[in-house]
Number of protein chains: 2
Amino acid sequence: MLSNSSKYAIKAVLFLAIHSNNKRVMVKDISDPINVPQAYLAKLLQPLVKEELVSSVRGPKGGFYLNEENLNHSVIDIIRVIDGEEKLNSCMLSLEKCNEEKPCPLHNMLVVSRKNILNNLENRTIKELALAVEKGNAFLPL
Amino acid sequence: MLSNSSKYAIKAVLFLAIHSNNKRVMVKDISDPINVPQAYLAKLLQPLVKEELVSSVRGPKGGFYLNEENLNHSVIDIIRVIDGEEKLNSCMLSLEKCNEEKPCPLHNMLVVSRKNILNNLENRTIKELALAVEKGNAFLPL
DNA sequence: TCTTAAATATGATTTTTATCATATTTTTTA
DNA sequence: TAAAAAATATGATAAAAATCATATTTAAGA
Ligand code: FES
Ligand code: FES
């Protein structure tokens, strides 16, 4: 469902949410702790900046950070930018999108859970998720 | 979550469950209707035969079919063979497996649904799923 | 027993995804 | 205003997934 790229991107954003408190942090200092190749992450961050899910400034003392607006985005926004809408809505059996009218044999045993997951990815904000980590209720993997 | 290979394999097995009633059907006659490249499907079927999820006989009048035992397997068996156990249990954020003790920030909003999906994939048999299609309650996509 | 039709085995090619490298632009600061 | 430090842009390479091709084995039937 999620590509490595999306996983990387989500981890990076969560890391920023937790560790940059309006402070700028450079790629290297994100990629190292979350264990993602630096140049690869740098590339992933570009579209996120362009879509205003992440903020950045160039030059010395520059780096990446999240402003209030960024913090109120949802995980699904990140997935949309990195993997695209199609992947997100694709049917469990076909390459095309999930079809309510002509459900595949797996559809009915999945719809509810699927919808639930999508709703959560849509509604929980980055800020909320980061809070859970700060409270010790969740952990950033790897 | 599911690779194209797994999707193809599941569709092929379901197709067999529906269309081969102990009759042997050759790859071409599976791959054509479910819209999967023939040579690719042929390759995918080999491990399924080896793991006894699908039956086959060689030579003229040969082909693939499902016996009673095959019909009582679950979709998750197919995924296990094609994608492997790891992928199935991997965490939403990391490449490693989902970790109850050190849950990632997405874990809690996913566990229940995730477990539900896995249970269904584990418990519904191929026979049951095929029946839904025969009854017109589900459809084989593409 | 020979021919033929099928699966099976193996390998080559293509496409996509992941990764690495390098040059350019922007901003800070000396 | 020049040098340095960062992001950004672009392209090259590597690895993995998907696809295609071909040779081998098995079984049926003439
Ligand atoms: S149609 Fe296949 S998952 Fe909805
Ligand atoms: S999904 Fe990430 S730890 Fe369970």
Side-chain angles (χ1 to χ4, degrees), chain A residues 1-13 16 20 23-32 34-66 70 79 81-84 86-87 90 94-95 142, chain B residues 1-13 16 20 23-32 34-66 70 79 81-84 86-87 90 94-95 142:
Chain A
M1 185 182 183
L2 287 197
S3 67
N4 289 354
S5 295
S6 275
K7 294 183 178 188
Y8 290 167
I10 296 169
K11 280 209 290 178
V13 171
L16 277 178
S20 130
K23 287 279 162 50
R24 299 153 181 183
V25 19
M26 28 183 199
V27 238
K28 191 182 147 33
D29 294 327
I30 307 171
S31 61
D32 264 21
I34 67 175
N35 203 41
V36 169
Q38 163 173 355
Y40 191 31
L41 183 59
K43 206 173 219 175
L44 287 175
L45 285 170
Q46 294 329 304
L48 297 179
V49 170
K50 192 154 293 173
E51 299 296 325
E52 310 193 69
L53 301 180
V54 167
S55 306
S56 72
V57 299
R58 292 170 159 196
K61 298 284 165 190
F64 297 89
Y65 64 99
L66 301 186
N70 298 151
I79 303 176
V81 169
I82 304 293
D83 279 351
E86 320 78 51
K87 208 157 215 168
S90 78
S94 99
L95 288 344
L142 265 201
Chain B
M1 186 184 183
L2 288 197
S3 66
N4 289 354
S5 294
S6 276
K7 295 184 177 186
Y8 290 168
I10 296 170
K11 280 208 290 179
V13 171
L16 277 177
S20 132
K23 286 280 162 53
R24 299 152 180 183
V25 18
M26 29 186 199
V27 238
K28 191 183 146 34
D29 294 328
I30 307 171
S31 60
D32 264 23
I34 68 176
N35 204 42
V36 169
Q38 164 174 357
Y40 192 31
L41 182 58
K43 206 173 218 176
L44 287 175
L45 285 170
Q46 294 329 304
L48 296 179
V49 170
K50 192 155 293 172
E51 298 296 324
E52 309 193 70
L53 300 181
V54 167
S55 306
S56 71
V57 298
R58 292 172 161 194
K61 297 286 164 189
F64 297 89
Y65 65 99
L66 301 186
N70 298 150
I79 302 175
V81 168
I82 302 295
D83 278 351
E86 321 77 53
K87 207 157 216 169
S90 78
S94 98
L95 288 344
L142 266 202

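To find a chain, count down the sequence lines: A is the first, B the second, and so on, and within it residues start at 1. The structure presented is a predicted model; accordingly, all values stated were derived computationally and were not measured.
Between L95(B) atom CG and K87(B) atom NZ the span is 10.0 Å, to the nearest 0.5 Å. Remark: S56(A) OG to L16(A) CG distance equals 10.5 Å, nearest 0.5 Å.
Under the 3.5 Å distance criterion, the side-chain polar atoms of R24(B) are left unmatched by any main-chain donor or acceptor of V57(B). With hydrogens and angles disregarded, a donor-acceptor distance shorter than 3.5 Å links the side chain of Q46(A) to the backbone of A42(A). With D83(A) contributing its side chain and S3(A) its backbone, the two residues share a donor-acceptor pair below 3.5 Å. The closest donor-acceptor contact from the side chain of S31(A) to the backbone of V27(A) lies under 3.5 Å.
The nearest whole Å value for the distance from the CG atom in L41(A) to the P atom in dC20(C) is 12 Å. In this structure, CG of L44(A) is placed 13 Å from P of dT17(C), rounded to the nearest angstrom. Rounded to a whole Å, the CG atom of D29(B) is 14 Å from the P atom of dA5(C). One can place OH of Y65(A) at 14 Å from C1' of dA6(D), the figure rounded to the nearest angstrom. When the P atom of dA16(D) is taken as reference, atom CG of N4(B) falls 18 Å away, rounded to whole Å. Distance CD1 (I82(B)) to C1' (dA17(D)): 13 Å, rounded to an integer number of Å. Atom CZ of R24(A) and atom P of dT26(C) are 16 Å apart (whole Å).
Candidate nucleotides dT19(D), dG29(D), dA21(D) were compared by shortest atom distance to the side chain of A39(B), and dA21(D) ranks first.
OP1 and OP2 of dA21(D) both lie 4.0 Å or more from every side-chain N or O belonging to Y40(B). Regarding contacts with the backbone of dT17(C), every side-chain N or O of S5(A) stays at 4.0 angstrom or more from both OP1 and OP2. Under 4.0 angstrom from either OP1 or OP2 of dT19(C) there lies at least one side-chain N or O belonging to Y8(A). Between K61(A) and dA30(C) there is no side-chain N or O to OP1 or OP2 distance below 4.0 Å.
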Quiz item: Can you give one letter per nucleotide of nucleotides 7-12 of chain D, 5' to 3': B if a protein heavy atom sits under 4.0 Å from the base, S if only from the sugar-phosphate, - if neither?
Solution: SSSBBB
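Position along DNA chain C of the nearest nucleotide to P60(A) versus V36(A) favours V36(A) as the more 5'-ward residue.
The side chain to side chain donor-acceptor pair (under 3.5 Å) check on S5(A) picks up Y40(A), with sequence neighbours excluded.
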